[in-house]
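Here is the structure we will look at, set down as structure tokens.
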Number of protein chains: 2
Amino acid sequence: MRPTTKDLAKAAGVSLATVDRVLNKRPGVRKKTVEAVKKAIEEIGFVRNLSAANLAKSRQYRFRFLLPRRGDLFIAELRDRIFETNIGLAAEGMEITHQEISQVDPHLIAQTLLKIRRDEVDGIALMAPESPQVRDAAIRLQEKGVHVVHLISGQQKLSDMDFVGIDNHAAGATAARLIGRFVCGLQGKVMVVSETMNARDSLERRRGFDQVLTRDYPNLTALPSLETHGDEARAYEIISNMINNSPDIVAAYVMSSEARLPLNAVARQTDPQTLTVIAHELTDRTRKALVSGEVDAVIAQDSGHLVRSSVRLLRARCDKREIMRSQEQIRIEILIQENLLPAQCALRSNDHGSVANSFDD
Amino acid sequence: MRPTTKDLAKAAGVSLATVDRVLNKRPGVRKKTVEAVKKAIEEIGFVRNLSAANLAKSRQYRFRFLLPRRGDLFIAELRDRIFETNIGLAAEGMEITHQEISQVDPHLIAQTLLKIRRDEVDGIALMAPESPQVRDAAIRLQEKGVHVVHLISGQQKLSDMDFVGIDNHAAGATAARLIGRFVCGLQGKVMVVSETMNARDSLERRRGFDQVLTRDYPNLTALPSLETHGDEARAYEIISNMINNSPDIVAAYVMSSEARLPLNAVARQTDPQTLTVIAHELTDRTRKALVSGEVDAVIAQDSGHLVRSSVRLLRARCDKREIMRSQEQIRIEILIQENLLPAQCALRSNDHGSVANSFDD
DNA sequence: GTTGATCTGAGGTACGTACCTCAGCTATCA
DNA sequence: TGATAGCTGAGGTACGTACCTCAGATCAAC
């Protein structure tokens with residue numbers, strides 16, 4: 001049997017109350033006594049029983065994800081993962097919800113943030129385009145005692161500690177490297193498409209992309225970023241314009257998390273099989289594109305990891321714990337046809353019915 | 001507050017005892033009553049409090065990883081992850097150990113397996129080359145009540161349910177695709193190196209590799225597999241022979257998890273920068289090779305995931321639970337210079353001192 | 001040596017579930 | 001009608017930690 005606090009008290013020659021004070025960093029214990037207890041902890045190899053601690057605390061954590069309202073496949077993925085995580089962690093006293101926010105208007109987002117009360121949630125994971133208003137509102141929220149982490153995009157270097165997502169500079173560099181190698185020395189232009197360049201993540205990806213491309217692949221020239229603004233007609237128009245004006249396009253980099261519109265537009269304009277195409281995020285659309293050869297590689301961040309990592313980070317904040325940041329690093333995944341897992345992403349078809357309990361025989 | 005069993009009892013109009021019987025699938029409850037309780041569960045949204053349940057059960061899980069004795073960097077990685085996982089899960093009543101076993105001799109491995117008693121461990125994660133003796137010993141062990149999962153390699157299709165690791169056929173295919181694309185239409189031969197072709201994983205990788213290469217890249221011919229048997233001198237000899245006999249080698253695929261010897265041998269024989277090289281597993285050696293350009297891509301499986309997934313699987317077996325297999329799928333990661341995380345793998349330098357508790361101020 | 005502040009011990013309750021016993025209840029069948 | 005088996009309720013203890021109160025001990029400074 002593992003030693004308990006009682007054993008620890010005996011080993012340290014103090015009472016249970018003192019052990020408790022030391023373990024929970026409560027005041028009113030002499031340094032010498034603290035040391036004695038710590039020594040005993042090492043000696044008998046005491047490890048706090050988390051189950052018991054959680055039970056005793058009967059602590060509840062209520063976290064809320066704020067995601068843009070747009071009907072994006074990637075956002076849908078995230079929502080599904082939030083739902084799953086909620087189910088999985090409900091048994092551990094967590095309640096994880098999500099709320100839609102404006103996809104663009106910083107004022108509206110800031111308003112939404114400021115409306116959040118300390119007594120309804122303990123933490124927020126926010127996915128929103130960069131803006132001073134949002135940043136300030138987030139800071140205000142923190143001051144109220146609601147912890148905030150920034151998901152995927154993140155605000156102007158508040159602190160890296162609050163960010164959950166991939167290194168977008170590196171992701172852009174990865175895209176450039178793949179295009180550079182796949183294109184095989186061909187001379188030509190590279191089309192770059194994004195939903196908007198107002199987002200911090202797009203800007204960073206672009207910088208990383210350009211850096212590698214100009215340094216290592218003089219045969220390739222990156223064209224100015226096209227912005228779809230999530231509008232299908234517009235996407236088609238600007239992309240077809242671009243393709244018609246630059247017949248020497250040999251590759252395309254779709255930077256935004258919603259690759260559907262750009263991919264559809266490209267597909268209508270040219271034979272994507274002959275074009276080297278790199279897109280972001282694994283969704284049903286990019287998965288199909290990967291399988292058909294329409295896309296050569298997908299650069300992805302695991303949506304489940306994003307959600308779980310956010311939750312762990314928020315929870316650590318609530319407990320005033322530090323966290324192993326290196327273990328929470330979100331990987332930049334490179335996906336091609338061959339390393340797509342059969343189940344990956346196809347999970348969307350799950351019905352969300354009765355997963356909560358396991359009495360289904 | 002979340003509803004408790006007491007609330008559930010009230011809602012279902014039964015006693016706590018009956019609720020308990022239903023929740024824990026104990027006999028002696030009429031079907032009708034069971035249904036009533038289940039209905040109440042749905043209605044009030046009852047979710048078992050895991051902390052309380054674990055505490056009440058005061059269940060301990062003792063799992064042991066059996067890893068080959070060789071001093072491999074990849075194995076060292078795994079050991080470190082086991083150590084970490086043990087620390088992280090100790091608070092949840094898990095005790096995760098590891099034991100070295102013969103790296104080759106099936107008889108010795110089988111003997112080791114058969115020596116394991118039910119009262120010392122609840123489950124085993126076994127990494128061993130395929131052989132009938134080992135397979136039988138594993139089955140015997142299961143009959144004794146010790147759960148067994150097969151790590152990375154796996155035995156002849158016992159059951160996919162017992163396997164933790166990547167799809168090696170797909171991994172080989174991935175390697176072939178990368179080489180095919182990176183080589184840019186060049187005509188030539190591809191060298192294939194492994195530690196041994198007796199391992200199931202190597203065979204499967206080879207098959208996946210050949211399949212894609214012969215189908216999609218007629219410009220490339222894969223050479224017969226070279227086996228280093230973990231011997232440095234031998235590795236150098238066979239590889240230099242191969243290189244001297246086939247001057248038109250344009251690429252190399254290092255299949256085994258220990259890439260050190262083959263990479264060193266290749267480096268001594270030829271300029272690896274001009275060769276397209278794909279290796280397996282992220283270790284200090286492959287990481288350096290990736291950064292220097294000696295290796296073009298690394299195909300990896302996350303060692304931490306391997307360990308944690310094994311533990312989850314074993315635990316599910318102990319609890320007689322089914323598990324979401326799709327969530328336990330180990331991803332085939334493609335790593336290039338650009339998407340290497342700064343922290344990734346460099347963790348080896350950690351001292352393993354006082355991570356067990358968090359009183360370090 | 002007294003006062004006050006600081007530290008420590010003893011003992012309690014609470015968290016939500018698991019698992020036990022035993023008494024009593026309800027159908028079923030002889 | 002009574003015996004039997006199957007079902008249900010009442011009540012208890014246990015798990016290990018958190019957090020509370022209050023009394024008593026210790027130590028410093030005066």
Side-chain angles (χ1 to χ4, degrees), chain A residues 1-38 40-41 44-61 90-94 318-321 357-359, chain B residues 1-38 40-41 44-61 90-94 318-321 357-359:
Chain A
M1 272 293 127
R2 281 227 316 263
T4 71
T5 41
K6 215 178 274 181
D7 302 320
L8 181 53
K10 205 180 297 168
V14 300
S15 74
L16 252 176
T18 302
V19 162
D20 175 67
R21 290 182 186 111
V22 174
L23 287 181
N24 297 295
K25 301 187 205 249
R26 275 187 259 278
V29 187
R30 258 183 313 177
K31 255 205 188 111
K32 230 173 82 184
T33 316
V34 173
E35 290 312 317
V37 172
K38 285 193 182 179
I41 287 174
I44 69 171
F46 170 81
V47 179
R48 203 202 232 86
N49 181 325
L50 252 195
S51 292
N54 286 338
L55 178 59
K57 276 193 285 232
S58 69
R59 181 90 171 80
Q60 288 265 81
Y61 302 86
E92 293 172 33
M94 303 233 190
C318 288
D319 297 349
K320 296 186 178 48
R321 275 186 294 114
N357 291 288
S358 52
F359 316 109
Chain B
M1 270 294 124
R2 282 227 316 262
T4 70
T5 41
K6 216 178 275 179
D7 303 319
L8 180 54
K10 204 181 298 169
V14 300
S15 74
L16 254 176
T18 301
V19 163
D20 176 68
R21 290 182 185 110
V22 174
L23 287 181
N24 297 295
K25 301 186 204 245
R26 276 186 257 278
V29 187
R30 259 183 313 175
K31 255 207 189 110
K32 228 172 82 183
T33 315
V34 173
E35 291 310 319
V37 172
K38 285 193 181 179
I41 288 174
I44 68 171
F46 170 81
V47 179
R48 206 201 230 86
N49 180 326
L50 250 195
S51 293
N54 285 339
L55 178 59
K57 276 192 283 229
S58 68
R59 180 92 170 75
Q60 288 264 82
Y61 302 86
E92 293 171 33
M94 304 234 189
C318 288
D319 296 348
K320 296 187 178 47
R321 276 187 293 116
N357 291 286
S358 53
F359 316 110

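Because the structure is a prediction, the values reported are computed rather than measured. Below, read A as the first sequence line, B as the second, and so on, with proteins coming before strands; counting in each chain starts at 1.
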All pairs passing salt bridge (Lys or Arg N to Asp or Glu O under 4.0 Å) where residues 13-23 of chain A contributes a residue, at least two apart: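 Non-adjacent pairs meeting salt bridge (Lys or Arg N to Asp or Glu O under 4.0 Å): A:D20-A:R26.
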For B:V37 and B:A12, work out which heavy atoms get closest and say how close.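 Scanning both residues completely, I find the closest heavy atoms to be CA-CB, 4.0 Å.
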Can you tell me how far [atom2] of [N] sits from [atom1] of [X], to the nearest Å?
{"X": "B:D7", "N": "C:dG16", "atom1": "CG", "atom2": "P", "value": "9 Å"}
{"X": "B:K6", "N": "C:dA14", "atom1": "NZ", "atom2": "C1'", "value": "11 Å"}
{"X": "B:E92", "N": "D:dG16", "atom1": "CD", "atom2": "C1'", "value": "15 Å"}
{"X": "B:Q60", "N": "D:dA14", "atom1": "CD", "atom2": "P", "value": "19 Å"}
{"X": "A:L55", "N": "C:dA14", "atom1": "CG", "atom2": "P", "value": "13 Å"}
{"X": "B:I41", "N": "C:dT17", "atom1": "CD1", "atom2": "P", "value": "11 Å"}
{"X": "B:L50", "N": "D:dT17", "atom1": "CG", "atom2": "C1'", "value": "17 Å"}
{"X": "A:R2", "N": "D:dG16", "atom1": "CZ", "atom2": "P", "value": "9 Å"}

What's the spacing between [X] [atom1] and [Y] [atom2] if we round to 0.5 Å?
{"X": "B:L16", "Y": "B:D7", "atom1": "CG", "atom2": "CG", "value": "9.5 Å"}
{"X": "A:E92", "Y": "B:N54", "atom1": "CD", "atom2": "CG", "value": "9.0 Å"}
{"X": "A:T4", "Y": "A:R48", "atom1": "OG1", "atom2": "CZ", "value": "13.5 Å"}
{"X": "A:K38", "Y": "A:L8", "atom1": "NZ", "atom2": "CG", "value": "12.5 Å"}
{"X": "A:I41", "Y": "A:L23", "atom1": "CD1", "atom2": "CG", "value": "5.0 Å"}
{"X": "B:Q60", "Y": "B:C318", "atom1": "CD", "atom2": "SG", "value": "12.0 Å"}

Look at A:S15 and C:dG9 and indicate whether a side-chain polar atom (N or O) is within less than 4.0 Å of OP1 or OP2.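 Checking C:dG9 against A:S15, a side-chain N or O does come within under 4.0 Å of OP1 or OP2.
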Please evaluate residues A:D319 and A:Y61 with respect to the criterion side-chain contact (heavy atoms from CB on, under 4.5 Å), reporting the C-alpha separation (whole Å), side-chain torsions for both, the decisive distance (0.1 Å), and the verdict. CA-CA 10 Å; A:D319 297 349; A:Y61 302 86; 2.7 Å; yes
Where protein sits on nucleotides 18-28 of chain D, one letter per nucleotide: B base, S sugar-phosphate only, - none, heavy atoms under 4.0 Å: SB---------
Want to settle it: does A:N49 or B:V14 sit nearer the 5' end of DNA chain D, counting the closest nucleotide to each?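 Looking at the nearest nucleotide for each, B:V14 comes out on the 5' side.
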B:S58 vs B:T18, nearer the 5' end of DNA chain D by closest nucleotide: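 Per heavy-atom nearest nucleotide, the more 5' residue is B:T18.
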Quick one: bend of the helix from C:dT8-D:dA23 to C:dC29-D:dG2 from 5 pairs per end, to 10°?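 Helix axis angle between the two ends: 30°.
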Looking at every strand, decide which applies to B:G93 at a 4.0 Å heavy-atom threshold: base, sugar-phosphate, or nothing.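 Contact class for B:G93: none.
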